[in-house]
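Taking it in order: structure first as structure tokens, then the write-up.
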Amino acid sequence: MTLRPPGQTPDADAIATPCVKLCAIEPLSGLCLGCGRSLREIGAWMSYSPATRADIMAALPQRLARVKAEVRDSAPD
């Protein structure tokens, strides 16, 4: 993938990614606290079809909400 200046429109065939450059795997769920993907999904992201990536991305907001609530609930008072 080609690097572009900030604000430049990506190519039509650029691979969409939910990565927010905040990579921290929550140990109990195994999900990244930044994007919500599992390590397996992160590692295989480039090999997934656009439809598979879209399906995973659609599930991420709910995953992130769940894992963040679990982390918050398990924190000592």
Side-chain angles (χ1 to χ4, degrees):
M1 186 185 313
T2 305
L3 295 177
R4 292 173 199 77
Q8 186 175 354
T9 305
D11 296 331
D13 59 343
I15 294 179
T17 177
C19 183
V20 295
K21 310 262 189 290
L22 173 67
C23 305
I25 303 300
E26 195 283 314
L28 295 178
S29 68
L31 298 176
C32 175
L33 292 172
C35 69
R37 294 178 293 171
S38 68
L39 285 175
R40 183 177 186 171
E41 290 168 337
I42 292 167
W45 196 251
M46 299 294 282
S47 67
Y48 289 152
S49 69
T52 299
R53 288 192 299 269
D55 288 345
I56 293 169
M57 288 177 69
L60 296 179
Q62 187 176 25
R63 282 189 198 178
L64 277 171
R66 185 186 76 239
V67 74
K68 288 179 179 181
E70 290 170 0
V71 167
R72 189 174 47 248
D73 291 345
S74 66
D77 292 331

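Quick caveat, the model's predicted, so the values are computed rather than measured. The analysis underlying the following values was restricted to heavy atoms, covering all of them including side chains, and did not include hydrogens, waters or symmetry mates.
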Minimum heavy-atom distance Arg40-Tyr48, with the two atoms named: O-OH, 4.0 Å
With sequence neighbours excluded, what pairs up with Arg53 under the salt bridge (charged side-chain N to carboxylate O under 4.0 Å, His left out) test?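 Result, salt bridge (charged side-chain N to carboxylate O under 4.0 Å, His left out) vs Arg53: none returned.
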Which pairs with one or both residues in residues 58-72 pass side-chain hydrogen bond (donor to acceptor under 3.5 Å, both in side chains), sequence neighbours excluded?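 Residue pairs passing side-chain hydrogen bond (donor to acceptor under 3.5 Å, both in side chains), neighbours aside: Glu41-Arg63.
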Which residues satisfy the side-chain contact (heavy atoms from CB on, under 4.5 Å) test with Ser47, sequence neighbours excluded?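 Only Ala44 meet the side-chain contact (heavy atoms from CB on, under 4.5 Å) criterion with Ser47.
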Tell me, please, which residues at least two apart from Leu39 pass side-chain contact (heavy atoms from CB on, under 4.5 Å). Ile25
Using residues 15-24 as the side-chain source, report each donor-acceptor pair under 3.5 Å to any protein atom, sequence neighbours left out, with the distance given to one decimal.
unit_1 : atom_1 : unit_2 : atom_2 : d
Thr17  : OG1    : Cys19  : N      : 3.2

With a 3.5 Å cut-off and sequence neighbours excluded, list the donor-acceptor pairs that the side chains of residues 27-36 form with protein atoms.
unit_1 : atom_1 : unit_2 : atom_2 : d
Ser29  : OG     : Glu26  : OE1    : 2.8
Ser29  : OG     : Leu31  : N      : 3.1

